[in-house]
Every structure is written in structure tokens, then in C-alpha cells.
Asks: 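Okay, handing you the structure first.
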Amino acid sequence: MIELLKQKARVHGDKLQIIPIQRLQNLKDEIEAFKENEDLNGFQTWIVTGLYRFDVPEVGFTIRSVILIAIPHPAYATVEFTRQGKKYTFLSLVMSDFDNTEKYLNDFLASKNYHATPAPNLPLKRLAVKSGLAVYGRNNICYIEEMGSCFSFAAYFSDMPCDHDNWIEMRRADMCTHCRVCLNNCPTGAIREDRFLIDNERCLSYFNEAAEDFPEWIPLSAHHCLYDCLKCQINCPMNKKHVNNVIGPIKFDEDETDILLAGSPFEAYPPDLKQKAKTLGLHQWPAGLPRNLRVLFELSDRTL
């Protein structure tokens with residue numbers, strides 16, 4: 001049964017692992033030990049104490065497993081904005097097709113009289129590594145063979161049984177042992193040589209997804225994409241086969257650019273703009289996006 005579901009996932013380009021529900025306690029214990037043994041900053045403390053949840057929900061079926069799925073997406077998209085008659089080209093992340101994955105998963109499970117419900121707020125990267133689905137990179141991002149880091153995780157609680165698993169020790173990719181590419185390309189020095197955990201309060205992604213002004217110590221040249229940061233992934237040797245999988249240009253006309261700069265709510269977007277925003281994931285960061293765009297325009301104007 002499990003192999004049939006894995007084959008179904010592969011047909012759709014996904015990779016999948018099923019973990020017995022009992023492993024949630026192991027995962028919780030590891031996170032508790034992590035909290036005790038690591039010197040965590042404020043954001044990391046919030047993640048492990050305020051974000052992660054290990055409770056098994058009460059639903060209309062007996063939960064026996066967690067289904068963890070890696071869903072591919074392009075390495076990035078090129079995006080073109082028109083502003084005051086000028087064209088500007090930047091980079092953006094691209095969303096995975098979560099709807100397609102959820103549909104084929106539910107269709108398969110229903111045909112076998114099983115069920116699934118979303119499992120939010122689990123530590124998905126650690127779950128992926130512990131279950132053997134992925135490995136950590138030095139940049140704390142997960143990598144999967146044949147996918148690199150160009151994917152997103154989705155997790156579901158299910159009553160599909162899983163009697164054995166491949167629970168393993170935490171591991172980092174062998175390639176990272178003597179590689180410094182992400183260290184050398186991190187624009188804010190967030191990736192550390194002296195420890196596994198990055199300083200996520202220095203990561204450009206941390207600032208790009210918030211609403212406050214950028215700190216003065218971040219150089220203007222660090223900014224390159226609409227949100228998040230792509231520097232360590234674009235340059236990573238483990239993404240060599242995937243980094244040319246690019247879509248675009250996705251074009252935003254003058255009116256659409258003005259709507260984004262104004263910080264208008266996603267619900268007020270015209271239909272075409274809504275579709276572009278969903279493809280790129282822009283609807284997730286309404287507070288930071290106008291500021292990010294203004295900085296990117298300023299950087300482009302300075303370099304023209």
C-alpha cells in the first residue's frame with residue numbers, strides 16, 4: 001500500500017515518506033532537548049515554543065501515521081515590473097502546486113477507505129531528515145536527491161497504517177563538509193562556520209518577510225528578490241542540476257505594480273494579479289512586499 005502511494009507521488013513529480021504516528025513523541029523529545037542544549041535567539045525560541053505543535057487532533061478517524069510530501073517547484077521566477085514607464089527585472093520564489101498534491105492524495109486514500117487531514121506546525125524539515133526523506137545543508141535548508149532544495153513540504157495526519165520506518169540520526173549532506181559556497185554567498189553573514197544552526201535573525205529572509213524598515217547594516221546590494229532570499233540556493237552545488245529550471249518573465253503592468261506598492265489587500269486584487277501573486281506566493285507577505293519592491297526599485301535606479 002505504501003509503495004503504491006509513493007509511486008503515485010512520483011508520477012506527479014513528488015517524493016513522499018510515511019512515518020508512524022508514534023514517532024511524533026520522538027520528534028517532540030528531540031525538540032525539547034534542542035531547546036535545552038542550543039543557545040537560541042528570540043526568533044528560534046518562538047519557533048520551537050510558539051510555532052511547533054505535536055498534538056494529534058481529534059478527527060473522525062484513528063490517526064496512525066504522518067504523510068510527509070516534498071512537492072517540487074521551479075528554482076525561481078524572473079519577474080518584470082513597469083513603473084513610471086521603465087522596466088525592472090527581479091527574482092521571486094515560486095509556489096509548489098499544493099492543490100494538485102492534496103487532490104491525488106485524497107483520491108488515493110479514499111479509494112482504499114483511508115483519510116487524511118492537514119498536519120500544520122510540525123517541524124517538517126527535521127521530520128524529513130529523521131525519516132530519511134531529506135538531508136540538511138549547511139544553510140539549514142533541506143535537500144532531496146533529484147530535487148535539490150527546489151521543493152516545499154506538506155504534511156498530513158492519516159489513518160493509513162505504517163508498521164515500520166527508517167528513523168535515523170540527524171545528518172548533514174556529505175557535500176557540505178568541505179564546501180563554503182553558501183557561507184561565501186550569504187549576503188548578511190547568517191550562515192555560521194562554527195555551528196550547525198544558522199543565525200536566522202541575520203538572515204535576509206527574516207527581514208524580507210517582516211514589515212519593519214531594514215536595518216542599516218544590511219547593504220543595499222543584498223536585495224535581489226521580492227521576498228525570502230535565494231543566494232545560498234542559487235549558488236549551492238547540490239542545486240547545479242536544478243538552478244536553470246526558471247519560469248518567466250512574469251510581467252506586472254503599471255497598474256498592477258501600483259497596487260502592490262500601495263499594499264492593497266489580496267482580496268482587492270484584479271483576477272490576473274491574484275493569479276500571479278498566488279503563483280509567486282506574494283499573497284503571503286502583504287506587509288513586507290511594498291517595502292521590498294521600493295528597495296529593489298531604488299537599487300535598480302542606482303545601478304542604471
Side-chain angles (χ1 to χ4, degrees), residues 11-14 69-107 118 120 147-154 204-214 222-231 233-234 239 242-304:
V11 167
H12 289 266
D14 298 350
I69 310 175
I71 310 166
H73 57 66
Y76 60 91
T78 59
V79 289
E80 181 184 283
F81 290 88
T82 301
R83 186 190 187 210
Q84 297 174 353
K86 293 193 293 186
K87 306 288 186 184
Y88 299 81
T89 300
F90 310 126
L91 306 181
S92 177
L93 279 74
V94 184
M95 295 291 288
S96 296
D97 191 346
F98 293 98
D99 292 341
N100 176 67
T101 294
E102 188 160 311
K103 182 181 186 309
Y104 80 70
L105 174 65
N106 285 325
D107 287 348
M147 285 183 159
S149 64
C150 303
F151 63 87
S152 298
F153 287 123
L204 185 61
S205 297
Y206 173 78
F207 297 104
N208 261 344
E209 295 168 1
E212 296 79 15
D213 290 340
F214 290 115
H223 302 285
H224 59 285
C225 57
L226 302 188
Y227 66 94
D228 214 299
C229 179
L230 287 163
K231 290 292 188 181
Q233 297 184 73
I234 287 176
N239 277 335
H242 313 286
V243 74
N244 291 324
N245 179 16
V246 179
I247 64 171
I250 295 176
K251 298 182 179 182
F252 297 82
D253 64 26
E254 191 107 27
D255 289 340
E256 292 171 329
T257 300
D258 288 343
I259 289 170
L260 295 176
L261 283 170
S264 302
F266 176 74
E267 295 75 18
Y269 289 4
D272 284 351
L273 180 55
K274 274 187 177 179
Q275 185 57 53
K276 296 172 190 176
K278 287 185 69 174
T279 297
L280 301 175
L282 305 185
H283 61 299
Q284 300 178 106
W285 314 110
L289 184 60
R291 176 212 52 194
N292 296 352
L293 272 174
R294 286 193 293 270
V295 170
L296 289 169
F297 286 135
E298 178 186 351
L299 174 62
S300 293
D301 287 338
R302 286 190 183 187
T303 57
L304 286 176

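One is the number of the first residue; the rest follow in order along the sequence. Side chains are part of it too, since the values below use all heavy atoms of this structure and drop only hydrogens, waters and symmetry mates.
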Asks: Is it true that the NZ or CZ of K251 lies under 6.0 Å from the centre of F81's six-membered ring and within 45 degrees of the ring axis?
Replies: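 The answer is no, since K251 fails at least one limit relative to F81.
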Asks: With sequence neighbours left out, what residues match K231 under side-chain hydrogen bond (donor to acceptor under 3.5 Å, both in side chains)?
Replies: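 K231 satisfies side-chain hydrogen bond (donor to acceptor under 3.5 Å, both in side chains) with no residue once adjacent residues are dropped.
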Asks: Test the R291-F214 pair against the cation-pi criterion, namely NZ or CZ under 6.0 angstrom from the six-membered ring centroid and within 45° of the ring axis.
Replies: yes
Asks: For residues Y104 and D14, determine if any side-chain heavy atom of one lies less than 4.5 Å from a side-chain heavy atom of the other.
Replies: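 They are in contact (side-chain heavy atoms under 4.5 Å apart), so the answer is yes.
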Asks: Run the salt-bridge test on D258 and R83 with the 4.0 Å N-O cut-off and return the result as yes or no.
Replies: no
Asks: Of all heavy-atom pairs between P72 and S96, which one has the smallest distance, and what is that distance?
Replies: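 Heavy-atom minimum between the residues: O-OG, 3.4 Å.
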Asks: What I'd like to find out is whether the side chain of N100 reaches to under 4.5 Å of the side chain of I71, using heavy atoms alone.
Replies: no
Asks: What donor-acceptor contacts under 3.5 angstrom involve side-chain atoms of residues 266-274, with partners at least two apart or in another chain?
Replies:
none

Asks: Would C225 and S92 count as a side-chain contact (heavy atoms from CB on, under 4.5 Å) if you check the C-alpha gap in whole Å, the side-chain angles of each, and the deciding distance to 0.1 Å?
Replies: CA-CA 5 Å; C225 57; S92 177; 5.7 Å; no
Asks: Are K276 and L282 close enough, and set up right, to give a side-chain contact (heavy atoms from CB on, under 4.5 Å), and what steps lead you there?
Replies: CA-CA 8 Å; K276 296 172 190 176; L282 305 185; over 6 Å; no
Asks: With a 4.5 Å heavy-atom cut-off, do Y76 and F90 have their side chains touching?
Replies: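 No. Closest side-chain heavy atoms not under 4.5 Å.
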Asks: With sequence neighbours excluded, what pairs up with E209 under the salt bridge (Lys or Arg N to Asp or Glu O under 4.0 Å) test?
Replies: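 Scan of E209 (salt bridge (Lys or Arg N to Asp or Glu O under 4.0 Å), adjacent residues dropped) gives none.
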Asks: When you look at S152 and H73, which way does the side-chain contact (heavy atoms from CB on, under 4.5 Å) test go after all the steps?
Replies: CA-CA 8 Å; S152 298; H73 57 66; 3.6 Å; yes
Asks: Could you pull out the closest heavy-atom pair between M147 and H242, with the gap in Å?
Replies: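 Taking M147 first and H242 second, the nearest heavy atoms are C-NE2, 3.4 Å.
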Asks: Sequence neighbours left out, what passes side-chain hydrogen bond (donor to acceptor under 3.5 Å, both in side chains) with N245? Give chain and number order.
Replies: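 For N245, no residue satisfies side-chain hydrogen bond (donor to acceptor under 3.5 Å, both in side chains) once neighbours in sequence are set aside.
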Asks: Can a donor-acceptor pair be found between the side chains of T82 and D253 at a distance below 3.5 Å?
Replies: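 No, no side-chain donor-acceptor pair sits under 3.5 Å.
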Asks: Measure the acute angle between the ring planes of Y227 and W285, then classify it against the limits of 30° and 60° as parallel, tilted or perpendicular.
Replies: tilted
Asks: Holding to side-chain hydrogen bond (donor to acceptor under 3.5 Å, both in side chains), I want the full list of residues that pass it with E298, two or more places apart in sequence or in another chain.
Replies: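 side-chain hydrogen bond (donor to acceptor under 3.5 Å, both in side chains) list for E298, sorted by chain: R302.
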Asks: Looking at L299 and H223, what are the two nearest heavy atoms and their distance?
Replies: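 Closest pair (atom of L299, atom of H223, distance): CD2-O, 3.2 Å.
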Asks: Could you walk me through whether V79 and I250 pass the side-chain contact (heavy atoms from CB on, under 4.5 Å) test, one step at a time?
Replies: CA-CA 5 Å; V79 289; I250 295 176; 4.3 Å; yes
Asks: Sequence neighbours excluded, which residues qualify as side-chain hydrogen bond (donor to acceptor under 3.5 Å, both in side chains) partners of K103?
Replies: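 Partners of K103 under the side-chain hydrogen bond (donor to acceptor under 3.5 Å, both in side chains) test: D107.
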